[in-house]
A.B. asks: 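Have a look at the structure that comes next, please.
Residue numbers start from 1 in every chain, and the chains themselves are labelled A, B, ... in the order their sequence lines are given, proteins ahead of strands.
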There are 2 protein chains.
Amino acid sequence: MITLYLAEDQGLLNSALSQLLELEDDLHVLGSSRDGQTAWLDINKLKPDVAILDIEMPKASGLDVADDIHNANLKTKVIILTTFAQKAYFERTVKAQVNGYLLKDGPNDELVAAIRNVMAGQTIYDPELVQNMVTASDNPLTHQEMSVLKAAADGQSTKQIAESLFLSDGTVRNYLSAIFSKLGVHNRLEAVNLAKTNKWLS
Amino acid sequence: MITLYLAEDQGLLNSALSQLLELEDDLHVLGSSRDGQTAWLDINKLKPDVAILDIEMPKASGLDVADDIHNANLKTKVIILTTFAQKAYFERTVKAQVNGYLLKDGPNDELVAAIRNVMAGQTIYDPELVQNMVTASDNPLTHQEMSVLKAAADGQSTKQIAESLFLSDGTVRNYLSAIFSKLGVHNRLEAVNLAKTNKWLS
DNA sequence: GGAATGGCATGACATTTGTCATGGTGAATC
DNA sequence: GATTCACCATGACAAATGTCATGCCATTCC
């Protein structure tokens, strides 16, 4: 019998998956939650064999929870279940030593199969993700540039950004200019759009 | 026996719900799809009692499909199932004479109950949605202003927007200025952010 | 040690953006 | 028919934005 824990933000998917997984003879769902914080508390208490974690959740992301699990030396295996095949996510995934990375795109049989395979010691990565690994672009921006871009993404003016980062107006504009040149765009909106599609922000 | 059709973009939720609904004694899922176009073709052929439609789908939205169903005078009832309680969506929902509007936030029992109630002739609206109806703000922008804002949202410059809409530079800037004043903001990025959170774009 | 590199910081300059005053049109109201 | 109103359109002006040349400092690599 494989014991499971499910952390998934969206209520409908959470309840549907819980019930469906429970129907499998060799699987048992110990519990579920809809935010990262209670997920970690529950997992630390219940010590399931496998934790299925969404990335985008309130309070703490699935990757944060994966870190917690690893730092506490639990033998709980981790499967990340998410909507997007983003390189940015994947890099953190590897660092968090996750056992599986599945997209919400596939049917639920795929998830069930993945659970059994992970328990058998395998590591599962979605093929679409691997493909994106090659094509997707790395974030070329420095730490300061990211700070400026994040502020700009909120719609802040040069002056506001300068004040909050304790820089001069000119410096902020120069960072933005450097950002544009690195990203191959010519204004803030284009830069923000590009950063968002690559999930560099937030 | 109530016959169902399910149109849901996200593969995992689609397959999970199909299986779960099929388990109910009085429900039978005739088919499912992951885009609006095949959904409408299937529904027109299979004529289910109830169609459960996601809004955000490729090719045609759930609201488009609802319109099709109504225009063809099918007696298929429609339940819209979506992530957000957005006023913008809801207004189209009312026009499409939809029988139910549920959020993906609730557990699946809620969906099952809604299906039975809708078949009994009731109309179901999620409470959270009704609340948002009061608080949410209407889009105050004119048609031209929306055209300009959409172009601006892509990161286009004033000149590019002017060319694509056959206006002078000054006119485009004036539209943007009017937009800012209506929305109470002071630059394109803020305007675009606000429009996006209110789902006025796309 | 010297050269090259990458991140950080600034101000001068040209361009783009945002504001405002002005005017035209058609539809609704009196 | 006059008046109001909403929408559309433009250009002049001021302010914000984007570009560029320049310099500092720490690290890395001959």
A.B. asks: Taking the basic N atoms (NZ, or NE/NH1/NH2) and the acidic carboxylate oxygens, is any pair closer than 4.0 Å for A:R34 and A:D54?
C.D. replies: no
A.B. asks: Do the side chains of A:L17 and A:L81 get nearer than 4.5 Å, heavy atoms only?
C.D. replies: yes
A.B. asks: In whole angstroms, how far is the P atom of D:dC8 from the CD atom of B:Q144?
C.D. replies: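 That distance rounds to 5 Å.
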A.B. asks: Classify the side-chain pair B:D35/B:T38 by whether it contains a donor and acceptor separated by less than 3.5 Å.
C.D. replies: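 Yes - a donor-acceptor pair under 3.5 Å links their side chains.
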A.B. asks: Please check this pair: side chain of A:T3 against backbone of A:D49, looking for a donor-acceptor N/O pair closer than 3.5 Å.
C.D. replies: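 A pair under 3.5 Å: yes.
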A.B. asks: How many whole angstroms separate atom NE2 of B:H143 from atom P of D:dC8?
C.D. replies: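 B:H143 atom NE2 is separated from D:dC8 atom P by 8 Å.
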A.B. asks: Could you tell me how far apart A:L183 (CG) and D:dG18 (P) are, to the nearest whole angstrom?
C.D. replies: 13 Å
A.B. asks: Does a salt bridge link A:E110 with A:K104, judged by any charged N lying under 4.0 Å from a carboxylate O?
C.D. replies: no
A.B. asks: Round to the nearest Å and state the distance from A:L149 atom CG to C:dG7 atom P.
C.D. replies: 16 Å
A.B. asks: Indicate yes or no for a side-chain donor-acceptor contact from A:E24 to the backbone of A:L21 under 3.5 Å, with no hydrogens or angles considered.
C.D. replies: no
A.B. asks: Would you mind reading off the distance between B:F166 atom CZ and D:dT10 atom C1', rounded to a whole angstrom?
C.D. replies: 18 Å
A.B. asks: With a 3.5 Å cut-off and no angle check, do the side chains of B:N108 and A:Q19 form a donor-acceptor pair?
C.D. replies: yes
A.B. asks: Rounded to whole angstroms, how far apart are CD on B:E163 and P on D:dA9?
C.D. replies: 16 Å
A.B. asks: Which nucleotide in the set D:dT10, D:dC7, C:dA9 lies at the smallest distance from any side-chain heavy atom of B:L167?
C.D. replies: D:dT10
A.B. asks: Does a side-chain N or O from A:T142 land closer than 4.0 Å to OP1 or OP2 of C:dG6, or not?
C.D. replies: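 Checking A:T142 against C:dG6: no side-chain N or O falls below 4.0 Å of OP1 or OP2.
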A.B. asks: How does protein reach along nucleotides 12-27 of chain C, written 5' to 3' as B (base within reach of a heavy atom under 4.0 Å), S (only sugar-phosphate), or - (no contact)?
C.D. replies: -----BBBBB------
A.B. asks: Taking OH from B:Y175 and C1' from D:dT10, how many angstroms apart are they, rounded to a whole number?
C.D. replies: 11 Å
A.B. asks: Does D:dG11 have OP1 or OP2 under 4.0 Å away from a side-chain N or O of B:S168?
C.D. replies: yes
A.B. asks: How long is the line joining NZ of A:K182 and P of D:dT19, in whole Å?
C.D. replies: 14 Å
